[in-house]
Amino acid sequence: MKAIVCTKYGSPDVLELREVEKPTPKDNEVLVKVHVTTVTSGDCRVRGFTNPFLQLLMRFILGAKKARNMILGVEFAGEVEAVGKHAKRFKKGDQVYALNGMRFGAHAEYICMPEESSIALKPTNATYEEAAAIPFGGTTALHFFRKAKVKTGQKVLIYGASGSVGTSAVQIAKIIGTDVTAVCSSANFEFVKSLGADHVIDYTKEDFAQREERYDVIFDAVGKGSKASCKKALKPNGTFITVVGQGMAKVLKEDLIYLKALTEEGKLQSVIDRIYPFEQISEAHRYVEKGHKKGNVVITVR
């Protein structure tokens, strides 16, 4: 099969399109033909080996000189091609979407997933492109909102509201029933309002922490803030959460089933900034690294 191989840590130029061995599903696994995947900020951090908080963990898991699993990619959508003899949840031909997380491997034509891992039938009203752009942002927002015990009636501020995690967080926060303030650039004001944000703040012109408004929860969806810098904007006993330095998001297959239901009910929309062909994945990495993407960057594999 064809796969994008990360030959070593470094710039997007280290990524190469190669022929590699097609995986065979174990007894409890399903083999999925990948139609669409994405490039996330996490893919870029691992490839570039730039995350200071996770470098020691990455060295242990991925290797000191190059990733032991040299195929990146944390989320995908595709079609089940084969199932292991003990696998019962899926059958050949099922259309699925999944989050592979730190196991990576989605930047390839085929991938094997344990049937009890974070894989589910994709939303029936979503294309493969739309489905592939849901898992990472959606499950991350759900994890951190559970951690912060977000509930109806609270005031929630989302910093980095126009990114992959942020766009999901805005929508899910509104589904929960909170009053949402989105922090992003003014160019994305109307966009985040269309997702449900009640208020917007331009981070390039104003420091939200210096305003009089106080929040029950501040969610840093891009990992650029700190509790100290946001303390003035929190209510007494308010909660600050961030995607960096507070542990990896715990992903449940039930979360994907829930996100599927929200999508089919029209409550959650997939946000896609750009779509690149498989052969141009290095260009996708360069774009994501700029830090200005709106939602998700999708890669067509089929």
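We number each residue from 1, following the sequence as shown.
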Worksheet, complete the sentence: Tested for salt bridge (Lys or Arg N to Asp or Glu O under 4.0 Å) against Glu81, the lone hit among Lys92, Lys91, Lys22, Lys33 is Lys22
Worksheet item: Can you check whether Lys151's main-chain N or O pairs, donor with acceptor, with Gln154's side chain at less than 3.5 Å?
Response: yes
Worksheet item: Can you name the one residue among Thr300, Ile4, Ile299, Leu17 that meets side chain to side chain contact (heavy atoms under 4.5 Å, CB included) with Glu279?
Response: Leu17
Fill in: Option passing side chain to side chain contact (heavy atoms under 4.5 Å, CB included) with Thr139 (candidates Ile134, Leu252, Val165, Leu259)
Leu259
Discussion item. Centroid separation under 6.0 Å, is that true for the rings of Phe144 and Phe219?
Written reply: yes
Practice prompt. Would you check if there is a donor-acceptor pair between the side chains of Gln171 and Lys267 at a distance under 3.5 Å?
Written response: no
Practice prompt. Kindly indicate whether a cation-pi arrangement holds for Arg274 with Tyr287, taking the cut-offs as under 6.0 Å to the six-membered ring centre and within 45° of the axis.
Written response: yes
Practice prompt. Hey, could you give me the OH/CD1 distance between Tyr203 and Ile201, rounded to the nearest 0.5 Å?
Written response: 13.5 Å
Worksheet entry | Ring-face cation of Lys294 near Phe191 (centre distance under 6.0 Å, axis angle within 45°) | yes
Discussion item. The test is salt bridge (Lys or Arg N to Asp or Glu O under 4.0 Å); show your working for Glu116 and Lys253 and say whether it passes.
Written reply: CA-CA 7 Å; Glu116 291 301 322; Lys253 68 176 182 291; 3.0 Å; yes
Worksheet item: Yes or no on salt bridge (Lys or Arg N to Asp or Glu O under 4.0 Å) for Arg45 and Glu289, after CA distance, side-chain angles and deciding distance?
Response: CA-CA 9 Å; Arg45 283 195 293 267; Glu289 277 189 328; over 6 Å; no
Discussion item. A side-chain contact here means heavy atoms from C-beta on lying under 4.5 Å apart; do Leu31 and Val83 qualify?
Written reply: no
Worksheet item: Is the cationic atom of Lys227 (NZ for Lys, CZ for Arg) positioned less than 6.0 Å from the six-membered ring centroid of Phe240 and within 45 degrees of its normal?
Response: no
Practice prompt. Starting from the C-alpha separation in whole Å, work towards a yes-or-no answer on side chain to side chain contact (heavy atoms under 4.5 Å, CB included) for Cys112 and Lys26.
Written response: CA-CA 8 Å; Cys112 287; Lys26 297 177 182 178; over 6 Å; no
Discussion item. Please find the pair of heavy atoms, one from Pro114 and one from Ile119, that lie closest to each other, and give the distance.
Written reply: O-CG2, 3.9 Å
Worksheet item: Any chance NZ of Lys2 has more than 12 other-residue heavy atoms, nucleotides or ligands included, within less than 6.0 Å?
Response: no
Worksheet item: Taking atom CZ of Phe136 and atom CG of Leu99, what is their separation to the nearest 0.5 Å?
Response: 8.0 Å
Discussion item. Let me confirm one number: the NZ-CG distance from Lys260 to Asp255, rounded to the nearest 0.5 Å.
Written reply: 14.5 Å
Practice prompt. Evaluate the side-chain proximity of Met113 to Phe76: yes if any heavy-atom separation is below 4.5 Å, no if none is.
Written response: yes
Worksheet item: Donor-acceptor pair, His107 side chain versus Thr38 backbone, under 3.5 Å?
Response: yes
Fill in: Residue pair Asp198, Lys174: steps toward the salt bridge (Lys or Arg N to Asp or Glu O under 4.0 Å) verdict
CA-CA 9 Å; Asp198 299 288; Lys174 287 307 299 179; 2.9 Å; yes
Item to complete: Answer yes or no: does atom NZ of Lys231 have more than 12 heavy-atom neighbours from other residues, nucleotides or ligands under 6.0 Å?
Response: no
Discussion item. Could you check whether any side-chain N or O of Thr178 sits under 3.5 Å from a backbone N or O of Thr152, counting only pairs where one atom can act as donor and the other as acceptor?
Written reply: no
Worksheet entry | Thr40 side chain to Glu75 side chain, donor-acceptor N/O pair below 3.5 angstrom | no
Discussion item. What I want to find out is whether Lys235 reaches Asp216 closely enough, with some N-O distance under 4.0 Å, to be called a salt bridge.
Written reply: yes
Discussion item. Here's one to test your reading of the geometry: is the NZ or CZ of Lys122 within 45 degrees of the ring axis of Tyr128 and under 6.0 Å from its centre?
Written reply: yes
